[in-house]
Number of protein chains: 2
Amino acid sequence: MVMNVRTLCLGILSLREATGYEIKKMVEKGVFSHFIDASFGSIYPALAQMLREGLVRVRTEDDGSGRPPRKVYQITEQGRQALQNALNTDPAPDKFKSEFLFQMLFMERIDPAHLAVIYDAYLEEQEAELRMLEEEAQTMPAHPGARFVQDYGRAMLGTAIRFLKDKRAEMMRAFAEVGGTGERPEENAPCCGGAFSSSAEKSSVNGED
Amino acid sequence: MVMNVRTLCLGILSLREATGYEIKKMVEKGVFSHFIDASFGSIYPALAQMLREGLVRVRTEDDGSGRPPRKVYQITEQGRQALQNALNTDPAPDKFKSEFLFQMLFMERIDPAHLAVIYDAYLEEQEAELRMLEEEAQTMPAHPGARFVQDYGRAMLGTAIRFLKDKRAEMMRAFAEVGGTGERPEENAPCCGGAFSSSAEKSSVNGED
DNA sequence: ATAGCTTATATCGGGCCGATAGAGGTTCTT
DNA sequence: AAGAACCTCTATCGGCCCGATATAAGCTAT
């Protein structure tokens, strides 16, 4: 599939007319945000290019003041056709990049205190996105496609959150000796419900390096 | 976190020495493949740059023939320090790009026959990655970080697969004559339109396990 | 023996991100 | 009323990175 910022813009413009700025906002906060990214640096050139190619047309709203005029873009019939062609092709494999998991892979080398901070921040991030998804599910008219994506997101985020909560205790137990040295580290992490303080077992976490 | 191809290479080289080609293979098939990507076009320049900066050193194995000599890279103490610094910074948010979900968002406009093909191909893809993960979990020595990442991957892929299987039946039921729970690839209808939106059912995947 | 896959190097065009800039609006504080 | 801070809206630019491509040889199978 020809899935670039151009196709993304066509997809959004097929739902409603919009300015480049509005497209950015929809990509940031809307349904699209869960599986796509796009910055101004790619949206504006994409719109300009598609305008040249006749896939979109533009209506300029100049209010007379010195500020830049709103450029409201609309999809053309040719653009609809291009989008249709893209939709009827095989999708490329997903791409997933996670610095968090990279760090988790090397967790043994990270300062335990900082590890806890990273971990909880990530968990909170996932919970925030789930909240956003739920909220958005109530405001948006749920056409089948949107429903599917929302349900998918719910399922995945739910699993991630459950996993992170489950594993947290286990993880921190493993590092308890390195960080606390026999002390009860309840002063550190706000959200860990006492799972820290269970019997400190001996663990050979400290590997090479 | 300074998570670019350089940091990735440092991470791999901190585990063992490797050529650029080997790094690519590890990124393609190893634990890293689940949450990171890197191509030759970024790996080779990254190694060259880090060599200049003293973060890695290189041992050239020339076998006398005309073919390009193996360049085996090793991390230096300075490189270890750079990696350590990177690991002790906050991770950037995850990035997830899915052409499949983009297409699902517009499922109503996709030819149902093709939609089924796309859907099953994606499902198969997820199952293949889960198989890869399980296989890799048995061969690799499971240090805590790797275990965490593998378990995370298992949980997520398991949920995705279950969701896709569950929703598929629901989708096909909504399509009614398309093929029930089995598959009937020969399909003529241009677009399903409203036939889909009426039946809104709850999926068991959303809740708890 | 020719085709095709694998190991191994490396470059290049182009896509895209993140930062930046500029101009005016609103909103909240001091 | 002045100022700070943030929002809407435009757009560009450096630099990172992907995907395609080139080169060269070995190994395997038909």
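Residue numbers begin at 1 in each chain, while the letters A, B, ... track the order of the sequences.
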Distance in angstrom units between [X] [atom1] and [N] [atom2], rounded:
X: Arg59(B); N: dT9(C); atom1: CZ; atom2: P; result: 12 Å
X: Glu22(A); N: dA11(D); atom1: CD; atom2: C1'; result: 17 Å
X: Ile36(A); N: dC16(C); atom1: CD1; atom2: C1'; result: 13 Å
X: Glu99(A); N: dC17(C); atom1: CD; atom2: C1'; result: 13 Å
X: Lys24(B); N: dA8(C); atom1: NZ; atom2: C1'; result: 13 Å
X: Glu61(A); N: dC9(D); atom1: CD; atom2: C1'; result: 12 Å
X: Leu47(A); N: dC9(D); atom1: CG; atom2: P; result: 14 Å
X: Lys25(A); N: dT10(D); atom1: NZ; atom2: P; result: 12 Å

(request) Using ring-ring contact (aromatic ring centres under 6.0 Å, His included) as the criterion, list what pairs up with Phe35(B), not counting sequence neighbours. (result) none
(message) The criterion is ring-ring contact (aromatic ring centres under 6.0 Å, His included); which residues satisfy it with Phe32(B), sequence neighbours excluded?
(response) none
(request) Could you tell me whether Lys24(B) sits above the aromatic face of Phe40(B), with NZ or CZ closer than 6.0 angstrom to the six-membered ring centre and within 45 degrees of the axis? (result) yes
(message) salt bridge (Lys or Arg N to Asp or Glu O under 4.0 Å) for Lys97(A) and Asp37(B)? Distances and angles first, verdict last.
(response) CA-CA 7 Å; Lys97(A) 300 203 177 189; Asp37(B) 243 333; 5.8 Å; no
Can we say [X] and [Y] salt-bridge, meaning some charged N sits less than 4.0 Å from an Asp/Glu carboxylate O?
X: Asp120(A); Y: Arg168(A); value: yes
X: Glu170(B); Y: Lys165(B); value: no
X: Arg131(B); Y: Glu124(B); value: yes
X: Glu22(A); Y: Arg16(A); value: no
X: Glu17(A); Y: Arg59(A); value: yes

(request) Note down the inter-axis angle between the two ends of the helix from dA1(C)-dT30(D) to dT30(C)-dA1(D), five pairs each, to the nearest 10°. (result) 30°
(message) Between Arg70(A) and Pro45(A), which residue's closest nucleotide on DNA chain D lies nearer the 5′ terminus?
(response) Arg70(A)
(request) Would you indicate whether Arg154(B), at its atom CZ, is surrounded by more than 12 heavy atoms from other residues, nucleotides or ligands within a distance under 6.0 Å? (result) yes
What's touching nucleotides 5-7 of chain D from the protein side, N or O pairs under 3.5 Å?
none

(request) Spell out protein contact along nucleotides 15-22 of chain D as letters: B when the base is contacted, S when just the sugar-phosphate is, - when no protein heavy atom is under 4.0 Å; keep the 5' to 3' order. (result) --SBB---
(message) Can you list everything that forms a side-chain hydrogen bond (donor to acceptor under 3.5 Å, both in side chains) with Lys25(B)? Sequence neighbours excluded, please.
(response) Glu28(B)
